[in-house]
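Notes for the one structure printed next.
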Amino acid sequence: MNSSLIAPFPKGYIVYPTHFHGADTLPEWFTSKGLNSSWTIKYDPLQEVHTHAGPFFTLTLVGRAYSKSFSAQTNSEIISVLVNALTNDFNVDRFITMASSFGGRFTIFLIWGESIVAVGDALGSMPLWWGVADHSIALTNYSSLLATLLNDFRNDRKKEFFGDPNYNSGQPWLSGLVPEHDVATPVIPNHYLEHRKGKTEHKRFFPTAPLQTISVEDAATIVIDELRYSVECLVNSKSDLYFSITGGDDAYTAVCATLDQLHSKNAIGVTYAFLNGDANPTHDDLVIASKRMFNAGLRHKVVPMEFSWGSDFAKAYSKTHPSLAVFPTLAATIQRTAQADSFFLVGHGAEIGNVFYKERTESFPSVVQLAEKNGTRKFAESAVGQRAMRDYIDYTDLNEEAIFGYDAFDILYWENRVGRWGARTIGEWDFGSRPISPFSSRTLLSAMMSIPFESRLDREIYKEIHRRCGSLD
């Protein structure tokens with residue numbers, strides 16, 4: 001058992017004003033570092049944090065980032081690329097453009113004086129929350145850390161959302177701007193947060209141009225190149241490498257495209273399964289995954305899904321997520337699987353390219369049509385459902401002009417479903433490893449979205465990748 005991780009807020013961090021007096025409530029095992037005279041970061045020592053503090057600005061990278069276009073495979077190389085660019089020409093727009101091109105799972109902060117700008121990865125797979133702290137702001141990957149800092153754990157907005165009698169979407173998930181704690185507001189994928197001169201703004205920076213249709217063959221070339229560069233960066237690291245393998249297509253396709261690289265790292269495929277009961281729901285998934293791993297010739301680890309609310313782990317999980325448990329069984333199982341400094345490849349986000357919301361409308365969707373993706377039609381038509389979606393639309397600039405003709409349902413799925421529910425689910429891996437998706441690249445996702453709609457529905461890009469790279473079925 002990876003006992004070092006039986007603690008709340010795994011891989012957690014929080015950036016806050018140095019003068020704020022509530023910081024003594026934060027976890028005592030966190031490392032504290034001054035970023036400049038105005039800002040401080042506290043973080044779990046298991047989290048990757050790289051900082052450059054110069055005379056005019058500070059750069060802080062939390063997580064793991066890499067860039068094919070800048071030939072940067074490590075965090076230190078990413079920081080160097082940014083430092084060189086900003087030292088020659090300090091320009092916030094340039095910083096955002098560069099940071100938005102990086103792959104990985106990260107948040108990057110640019111700080112000068114009392115001003116701060118934050119940009120996350122393409123999928124928003126490392127959550128970013130912000131809240132008002134003593135006439136300034138604080139930023140973190142756990143809303144519960146923000147609630148701890150501010151000593152305010154109210155969750156009235158969540159109660160209103162879930163408490164509406166029309167809400168029924170199976171497993172509850174907090175969509176739109178609805179937080180686990182009222183003091184927290186999410187930064188949505190494809191947006192950055194800027195706090196300058198006492199004003200905080202959440203601004204869209206992607207997309208910047210309409211999609212241009214390309215062939216499946218051309219898109220496959222881009223996707224394979226991006227997948228391989230992502231895995232190459234992890235192969236070249238000193239950390240062990242695990243990858244998720246199931247009966248699904250997303251992670252499996254990434255494995256097919258990078259099989260030789262995974263062999264060179266002696267990577268381990270992992271399948272999580274419920275092994276108790278005569279009709280366990282993961283049986284077929286496990287059979288397919290086992291066949292694929294046998295054909296791949298790679299090590300395969302099957303881990304039974306187990307969790308007890310009476311365990312020490314459950315106490316740490318409940319303190320981390322006191323308001324909403326999403327998948328504690330997965331978190332507990334992952335905690336037993338891999339070491340804290342290992343990387344774990346997951347197929348998160350690929351469905352953005354393969355079309356999850358298949359509905360299409362002749363004109364831009366109405367508030368009700370968009371809100372229906374948060375639950376039932378009745379909920380979408382309710383006052384709570386419509387208010388939640390209107391707030392989200394205003395906050396994210398979700399309109400036809402701002403998204404340059406991208407389909408609204410594609411963008412909603414990317415930013416809301418993947419960026420909120422998906423990111424929270426991926427966060428469960430933090431209890432045992434460093435999760436990262438090779439699909440976390442705007443270059444890759446745009447290529448997948450640029451092929452004809454029917455080809456996306458038929459997943460023709462996966463068929464092309466398997467034709468070139470081979471199949472394990």
Examine distances only and state if a side-chain atom of [X] and a backbone atom of [Y] form a donor-acceptor pair shorter than 3.5 Å.
{"X": "Ser125", "Y": "Arg105", "value": "no"}
{"X": "Thr271", "Y": "Val302", "value": "no"}
{"X": "Lys68", "Y": "Tyr229", "value": "no"}
{"X": "Thr320", "Y": "Phe9", "value": "yes"}
{"X": "Asn75", "Y": "Gly63", "value": "yes"}
{"X": "Ser100", "Y": "Thr97", "value": "yes"}
{"X": "Arg299", "Y": "Asn266", "value": "yes"}
{"X": "Lys158", "Y": "Leu324", "value": "no"}

Tell me, with the steps shown, if Arg292 and Asp473 meet salt bridge (Lys or Arg N to Asp or Glu O under 4.0 Å).
CA-CA 6 Å; Arg292 288 172 171 176; Asp473 286 332; 2.7 Å; yes
Contacts of [X] that satisfy salt bridge (charged side-chain N to carboxylate O under 4.0 Å, His left out) - sequence neighbours left out:
{"X": "Arg417", "result": "none"}
{"X": "Arg468", "result": "Glu464"}
{"X": "Glu428", "result": "none"}
{"X": "Lys199", "result": "Glu201"}

- Task: Give a yes or no on whether Phe294 atom CZ has more than 12 heavy-atom contacts from other residues, nucleotides or ligands under 6.0 Å away.
- Result: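 Atom CZ in Phe294 is not packed in, count stays at 12 or less.
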Pairs flagged by salt bridge (charged side-chain N to carboxylate O under 4.0 Å, His left out) wherever [range] is involved - sequence neighbours left out:
{"range": "residues 216-235", "answer": "Arg228-Asp260"}
{"range": "residues 82-95", "answer": "none"}
{"range": "residues 359-378", "answer": "Glu359-Lys373, Arg360-Asp407, Arg360-Asp410, Glu372-Arg377, Arg377-Glu381"}
{"range": "residues 178-191", "answer": "Glu180-Arg424"}

Lys/Arg N to Asp/Glu carboxylate O, [X] vs [Y], below 4.0 Å:
{"X": "Arg204", "Y": "Glu415", "result": "yes"}
{"X": "Arg459", "Y": "Asp249", "result": "yes"}
{"X": "Glu351", "Y": "Arg456", "result": "no"}

Across all chains, not counting sequence neighbours, the side-chain hydrogen bond (donor to acceptor under 3.5 Å, both in side chains) partners of Thr60 are Thr51
Sorted by chain and number, sequence neighbours left out, side-chain contact (heavy atoms from CB on, under 4.5 Å) with Asp240 holds for Tyr242, Ser342
Could you work out, with side-chain contact (heavy atoms from CB on, under 4.5 Å) as the rule, every residue matching Ser230, not counting sequence neighbours?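 For Ser230, the residues satisfying side-chain contact (heavy atoms from CB on, under 4.5 Å) (neighbours in sequence not counted) are Tyr66, Pro438.
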Applying ring-ring contact (aromatic ring centres under 6.0 Å, His included), which residue pairs with at least one partner in residues 440-473 are found, sequence neighbours left out?
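Counting only pairs at least two positions apart or across chains, the ring-ring contact (aromatic ring centres under 6.0 Å, His included) contacts touching residues 440-473 are Tyr252-His466.
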| task | Please tell me if the side chains of Trp414 and Leu445 come closer than 4.5 Å, counting only heavy atoms from C-beta onward. | result | yes
